[in-house]
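Since the structure comes first, as structure tokens, the remarks are kept for the end.
Atoms within a ligand are numbered from 1 in the order they appear, just like the ligands themselves. As the structure is a computational prediction, the values presented were derived from the model and not from experiment. We number each residue from 1, following the sequence as shown.
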Amino acid sequence: METKWEFSAGGVVFRKNEEGKVEILLIRVKNRWSFPKGNIERGEPKDKAALREVKEETGVDAEIVEYLGEVDYWYNVELTTIHKFVYYYLMRYKGGDVVPQKEEIDEAKFFPIDEVEKHLSYPTDKKIFKRAVEVLKKLGEL
Ligand code: ATP
């Protein structure tokens, strides 16, 4: 059995709708909703990777507001066990239409913040979302 490490970075992107209500950007791959993320390239800063992946996966331009923390999980590909680390940032939406990347993403969508928790599948995403809510409250955005 071989073990490999993988490192990704992603974003919890928020914006306010016309009524001033906070919305959060989620992506769907098959039947699971989560936050946009992707592989950090060699030598690439984590925050740059997170912004790049949000743009590539969803079409959205954003800016970093605050680092939210890292999560890790394991999965298997054939005989290889992968230990994956993902670094998340809170990001403010700047512009761009929401267009899911065809190859990897089935859907990308802003949800009202009070509908996010029930859509998230992974415990690690729930943990990062909780942290994002705390930071949004601290910043007076919620
Ligand atoms: P990336 O989006 O970083 O480029 P990827 O699409 O190749 O990565 P993951 O999204 O990490 O890969 O998915 C790889 C495997 O891990 C899949 O089987 C997926 O269901 C599972 N997985 C994805 N996210 C989590 C998580 N937060 N907790 C546990 N398992 C997860």
Side-chain angles (χ1 to χ4, degrees), residues 1-17 20-142:
M1 261 304 224
E2 193 191 3
T3 304
K4 281 187 180 162
W5 287 353
E6 259 180 24
F7 302 92
S8 281
V12 179
V13 183
F14 73 96
R15 72 177 183 193
K16 286 191 177 166
N17 67 14
K21 296 257 166 66
V22 174
E23 301 177 332
I24 303 284
L25 180 61
L26 298 182
I27 60 161
R28 181 174 61 79
V29 179
K30 295 185 187 138
N31 62 346
R32 291 181 189 274
W33 289 96
S34 61
F35 301 111
K37 65 159 172 48
N39 203 33
I40 303 170
E41 288 169 9
R42 196 173 291 273
E44 185 181 32
K46 295 182 181 73
D47 57 345
K48 291 263 164 51
L51 289 168
R52 178 180 54 71
E53 287 290 345
V54 165
K55 177 70 179 170
E56 284 178 13
E57 290 197 332
T58 70
V60 162
D61 291 302
E63 62 190 0
I64 305 266
V65 174
E66 196 163 311
Y67 179 58
L68 292 173
E70 67 168 71
V71 302
D72 71 312
Y73 53 91
W74 282 263
Y75 67 98
N76 296 306
V77 177
E78 291 169 359
L79 291 178
T80 304
T81 299
I82 296 170
H83 188 186
K84 179 146 186 171
F85 294 80
V86 191
Y87 306 88
Y88 284 102
Y89 294 84
L90 181 66
M91 299 178 185
R92 182 180 281 108
Y93 171 83
K94 282 205 309 186
D97 291 336
V98 183
V99 183
Q101 183 184 43
K102 274 201 207 78
E103 297 75 21
E104 292 177 31
I105 307 298
D106 294 308
E107 198 175 346
K109 196 177 157 185
F110 275 97
F111 284 92
I113 194 157
D114 52 7
E115 289 177 22
V116 170
E117 166 78 28
K118 68 176 179 224
H119 282 99
L120 295 174
S121 312
Y122 300 112
T124 54
D125 284 338
K126 289 181 189 274
K127 178 182 146 187
I128 287 298
F129 177 60
K130 221 171 152 186
R131 177 85 187 109
V133 168
E134 284 168 11
V135 175
L136 285 167
K137 281 184 184 155
K138 180 190 82 180
L139 297 174
E141 300 281 358
L142 266 184

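For Arg32, the side chain to side chain contact (heavy atoms under 4.5 Å, CB included) criterion is met by Ser121, Tyr122, not counting sequence neighbours. Considering only residues two or more places apart in sequence or on other chains, Tyr93 meets the ring pair (Phe, Tyr, Trp, His ring centres under 6.0 Å) condition with Phe110. Asn39 is linked by a side chain to side chain contact (heavy atoms under 4.5 Å, CB included) to Ser8, counting only residues two or more places apart in sequence or in another chain.
Atoms CG and CD, on Leu90 and Glu63 in that order, are 10.5 Å from each other to the nearest 0.5 Å.
Within the 3.5 Å criterion, the main-chain N or O of Glu44 finds no donor-acceptor partner in the side chain of Arg42. Between the Glu57 side chain and the Lys37 main chain, a donor and an acceptor come within less than 3.5 Å of each other.
Sorted by chain and number, the heavy-atom contacts of ligand 1 below 4.0 Å come from Ser8, Lys37, Gly38, Asn39, Tyr73, Tyr75, Lys84, Tyr122, Thr124.
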